[in-house]
Amino acid sequence: MENYSEQEIIRRQKLARLRELGVEPYGEKYDVTHYAADILGRFDSSEDIPEGQQVALSGRLITVRAHGKASFANIQDESGRIQIYARQDDIGEREYEIFELLDIGDIIGLTGEVFRTRRGEITVAVKIFRPLVKALRPLPEKWHGLTNVDLRYRQRYLDLIVNPDVKKVFILRSKLVQEIRNYLNNQGFLEVETPMMHSIAGGASARPFITHHNTLDMNLYLRIATELHLKRLIVGGMDKVYELGRIFRNEGISTKHNPEFTSVEIYQAQADYQDMMHLTEDLIAAVAQKVLNTQTVTYMEQELNLTPPWPRLTMIEAIRKYVNVDFDEISTNQEAQDIARQKGLDVKKNATRGELMNEMFEEYVEKHLFQPTFIVDYPIEVSPLAKRKTDDLTMTYRFEAFMAGSEIANAFTELNDPVDQRERFEQQVAKREAGDEEAQMLDEDFVLALEYGMPPTGGLGIGIDRLIMMLTDSPSIRDVILFPTMRPRE
RNA sequence: GAGCCAUUAGCUCAGUCGGUAGAGCACCUGACUUUUAAUCAGGGUGUCGAUGGUUCGAGUCCAUCAUGGCUCACCA
């Protein structure tokens, strides 16, 4: 017992006392007729739940105000909190003794009658109650709740019990994700599942996690994207597919990055990046309208207007606007390097015009893009899976969507020329061999698929977690991931 | 990976100049049958993140480590 705190010891003693009284502290299910919110919402209203109505509910005890031979308490169930009132005169001496053995945090079932107290609070007068679960540890404080972020993430269940707003965010997340699926399904897209373990980690520029398969005696990578498998399905004639699920990138952790995160990738044959742009803005606006009942949300005390159409700006225009550099006037790598240095970028020796354009954009433009904005036409060097523009072979039909300074979507007209794709991969491999761990690997099997012919296709990826952050006004990605990646304690 | 900050009771937090560890909530004892941050009277429940060091003496100063947060780097 020495390892237990005083409060834990007392709770264990109460547990033993319950058993002495013939009460099992971990009881069976309780048949409930109502949730707290039902009662609060429907009491009195058109006689739906009249005064004296009998209700059965179950919940966790979160406050107790004992007054000798009677007690007020609040219980919390899935729907919310409601006050209960237990009187010795109503339940009897023995039952009241059992009631007094309850602690904050215990789960009970009860049956009683709804009434309104003198002060007007809708309350259930307990007639029958049963302890269902004894909590052996005290809950965090009722007043400040749990604020230690370390504990909130590690013991999310406590966070959910004592901080009701946290639960709201995750309910919203669930609804938003469901609505994304509804939207896509209604548009005729087919949800598919592709492998999470890849022999080649492709479809994005990122370092993968490595795992090992014993029987095959080979290393496998956790997927960093779903792209290459979904495009194989397009080759196979599944013309409208999407996958919504977890991907894994072995990168740093920050308020905007978690090693595992959720993306939805969407591919449509006989579509291009313009179609994907329409899809992006329409999907996000529609989902917000459906779930939040609005297309303007507040993020970080600023209003975000999601109503389509979102402004489109080519990358070159955006750089011209925010950095006052005109890449249309820059044709050589040398010129680009000079101006990039002049603007304060750390320029690598072999940096190309396209790479520097992208760097300048990321460094100086991204943070300005608060309202939803499409940045269109990306340099070919940073877009190895996107189709080359016919009127400018150094650029691709690609866009990214930005909101609140964060990238939330990435899309292109998919590269379907197998010869070009192989060359692009080979350039990536060269970068890789030069030490760029994030450069892509050559996926022969994918090129093989392209050689059989992939129809003209538009593809789109949306970062679900970031989108949820914006739509729930959450400052950190950890606020929208139930169990964010943490170092184990000790 | 780098810099800054934090770590004290179950929770939220004070702790001065280095001198025997504090508050609120929670908990315990007693009173109280419509309270609601219930109230009233009493009670402090602790490996001060860990390990070393300086010192007569360390929650406090120094070093290292651990975990977390923020900023940056990388990335989406």
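Nothing here was measured: the structure is a model prediction, and the numbers come from that model. Every chain is numbered from 1 and lettered A, B, ... according to where its sequence line falls, protein lines coming before strand lines.
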Below the 4.0 Å mark, does B:C27 have OP1 or OP2 next to a side-chain nitrogen or oxygen of A:K142?
no
Does A:R487 have a side-chain nitrogen or oxygen under 4.0 Å from the phosphate oxygens OP1 or OP2 of B:G68?
yes
Using 4.0 Å as the upper bound for N to carboxylate O, is an ion pair formed by A:R181 and A:E191?
yes
By the 4.0 Å heavy-atom rule, please label A:T255 as base, sugar-phosphate, or nothing.
sugar-phosphate
Please tell me if the side chains of A:F72 and A:T117 come closer than 4.5 Å, counting only heavy atoms from C-beta onward.
yes
Short side-chain N/O contact to B:C72 OP1/OP2 from A:K256, under 4.0 Å:
no
Tell me: CG of A:L136 to C1' of B:C27, nearest whole Å?
15 Å
As a test of your reading of the structure, name each stem of RNA chain B as range with range, where a stem is three or more consecutive Watson-Crick or G-U pairs at under 3.5 Å.
B:1-7 with B:66-72, B:10-13 with B:22-25, B:27-31 with B:39-43, B:49-53 with B:61-65
For A:G463, answer base if it contacts any base atom (sugar-phosphate contacts may also be present), sugar-phosphate if it contacts only those atoms, and nothing otherwise; contact means non-hydrogen atoms under 4.0 Å.
nothing
Give the B/S/- string for nucleotides 29-36 of chain B, one per nucleotide from 5' to 3', where a protein heavy atom under 4.0 Å of the base yields B, of only the sugar-phosphate yields S, and otherwise -.
---BBBBB
Under 4.0 angstrom, heavy atoms only, what part of the nucleic acid is A:S205 near: base, sugar-phosphate, or nothing?
sugar-phosphate
Expected string for nucleotides 7-14 of chain B under the B/S/- scheme (protein heavy atoms, under 4.0 Å, primed atoms plus P, OP1, OP2 as sugar-phosphate) is ---BBSS-
Heavy-atom nearest nucleotide on RNA chain B taken for A:I477 and for A:M486; more 5' hit belongs to A:M486
Phosphate oxygens OP1/OP2 of B:C70: is one of them under 4.0 Å from a side-chain N or O of A:R478?
yes
